[in-house]
Amino acid sequence: LGLTFKPMTDDMRDSPAISIIQALQDAGAKVRGFDPEGMDNARAMIDGIAFASDAYDAAKGADALCIVTEWNAFRALDFPRLKSVMAAPVLVDLRNIYRAEVLFRHRVSPDAPGRTIDRALWDMIWADLVDGFETPPPEIMDCGESGSTLRFLIPVALALKGRSEE
């Protein structure tokens with residue numbers, strides 16, 4: 001989400017989206033993109049992607065959604081709607097628009113550069129996701145302390161929750 005180099009413009013010069021999309025394509029990813037103002041310029045500068053009509057169209061069938069430009073339109077995403085169209089509810093928030101706690105409440109796995117989880121948040125996640133266990137099992141406790149990333153912890157907790165419901 002967000003193809004222009006900054007919000008409130010259609011300017012694609014030096015947009016980080018260009019190199020991010022190229023790297024994703026080089027890795028074999030299929031990319032869908034959307035920008036509130038920059039679609040025409042993006043079509044002229046970026047090859048090989050599907051251009052979406054809005055954020056939810058961009059998210060259809062996606063394994064992950066990446067916020068590259070901090071448009072106001074991306075600050076009020078409807079998470080239940082996003083989750084209903086995505087293959088996996090993962091948001092890579094390169095602009096840190098959303099707090100991890102907000103994404104967690106909506107069962108969206110947050111990922112962002114440098115984002116870590118503190119012990120209090122992990123305790124809240126654990127209590128909500130895996131309430132059948134009195135204490136986190138060893139595979140959780142061995143993954144590290146406050147610097148552990150949400151990308152690792154939440155899928156593990158969800159897997160354990162599924163195991164506890166069997």
Side-chain angles (χ1 to χ4, degrees), residues 1-117 121 125 129 139 143 147-163 165:
L1 297 178
L3 302 172
T4 56
F5 86 99
K6 67 178 188 176
M8 307 303 289
T9 184
D10 65 354
D11 193 344
M12 292 292 300
R13 290 176 295 155
D14 300 320
S15 170
I18 296 169
S19 59
I20 291 169
I21 289 168
Q22 186 61 58
L24 289 168
Q25 289 173 328
D26 290 348
K30 294 178 183 175
V31 179
R32 296 174 59 88
F34 172 71
D35 189 278
E37 297 291 330
M39 297 295 280
D40 290 337
N41 287 345
R43 280 185 181 93
M45 294 188 73
I46 303 172
D47 293 322
I49 75 167
F51 291 97
S53 59
D54 60 28
Y56 306 99
D57 185 34
K60 280 184 187 168
D63 293 314
L65 191 64
C66 181
I67 297 176
V68 179
T69 310
E70 63 272 23
W71 284 92
N72 284 336
F74 305 150
R75 293 179 185 276
L77 294 173
D78 178 344
F79 292 114
R81 183 175 172 196
L82 270 180
K83 284 176 42 183
S84 74
V85 299
M86 293 181 73
V90 176
L91 179 66
V92 180
D93 182 0
L94 297 179
R95 297 300 180 190
N96 287 316
I97 292 173
Y98 293 101
R99 292 187 350 250
E101 299 86 25
V102 170
L103 295 174
F104 169 71
R105 277 190 217 107
H106 291 285
R107 301 297 191 269
V108 174
S109 180
D111 191 14
R115 180 167 283 173
T116 59
I117 181 170
L121 177 58
I125 291 168
L129 287 179
E139 52 264 57
C143 69
S148 299
T149 65
L150 287 169
R151 182 172 54 187
F152 175 76
L153 293 173
I154 290 177
V156 170
L158 289 170
L160 290 169
K161 180 174 177 63
R163 191 184 322 157
E165 292 176 347

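Start at 1 with the first residue, then count along the sequence.
Taking OH of Tyr98 as the reference point, atom CG of Leu77 lies at 3.5 Å (rounded to 0.5 Å). Between the CG atom in Asn41 and the OG atom in Ser15 there is a gap of 11.0 Å [rounded to 0.5 Å].
Of all non-hydrogen atoms in Ala58 and Phe34, the two that sit nearest each other are CB-CB, 4.2 Å. Closest heavy-atom contact between Gly61 and Ala87: O-CB, 3.5 Å. Gly2 and Ala17 make their closest contact through O-CB, 3.8 Å (heavy atoms, listed as atom of the first residue, atom of the second, distance).
With sequence neighbours left out, the salt bridge (Lys or Arg N to Asp or Glu O under 4.0 Å) criterion links Lys30 to no other residue. Considering only residues two or more places apart in sequence or on other chains, Lys60 meets the side-chain contact (heavy atoms from CB on, under 4.5 Å) condition with Asp57, Val85. For Asp11, the salt bridge (Lys or Arg N to Asp or Glu O under 4.0 Å) criterion is met by Arg13, not counting sequence neighbours. Every residue was checked against the side chain to side chain donor-acceptor pair (under 3.5 Å) condition with Arg81, not counting sequence neighbours, and none meets it. Asp14 meets the side chain to side chain donor-acceptor pair (under 3.5 Å) test with no other residue; sequence neighbours excluded. Legend: residues meeting salt bridge (Lys or Arg N to Asp or Glu O under 4.0 Å) with Arg95, ordered by chain and number and at least two apart, are Glu70. Here Gln25 pairs with Ile21, Gln22, Val31, Ile49 under the side-chain contact (heavy atoms from CB on, under 4.5 Å) rule; sequence neighbours left out. Considering only residues two or more places apart in sequence or on other chains, Thr69 meets the side-chain contact (heavy atoms from CB on, under 4.5 Å) condition with Thr4, Pro7, Trp71. For Asp40, the side-chain contact (heavy atoms from CB on, under 4.5 Å) test picks out Arg43, with sequence neighbours left out.
Proximity of Asp78 to Tyr56: side-chain heavy atoms (C-beta onward) are separated by under 4.5 Å at one or more points. In this structure the side chain of Met12 reaches within 4.5 angstrom of the side chain of Ile46, judged on heavy atoms. The shortest side-chain heavy-atom distance between Ile20 and Leu94 falls under the 4.5 Å cut-off. By the 4.5 Å heavy-atom criterion applied to side chains, Pro89 and Leu82 are not counted as neighbours. Leu91 places a side-chain heavy atom less than 4.5 Å from the side chain of Ile67.
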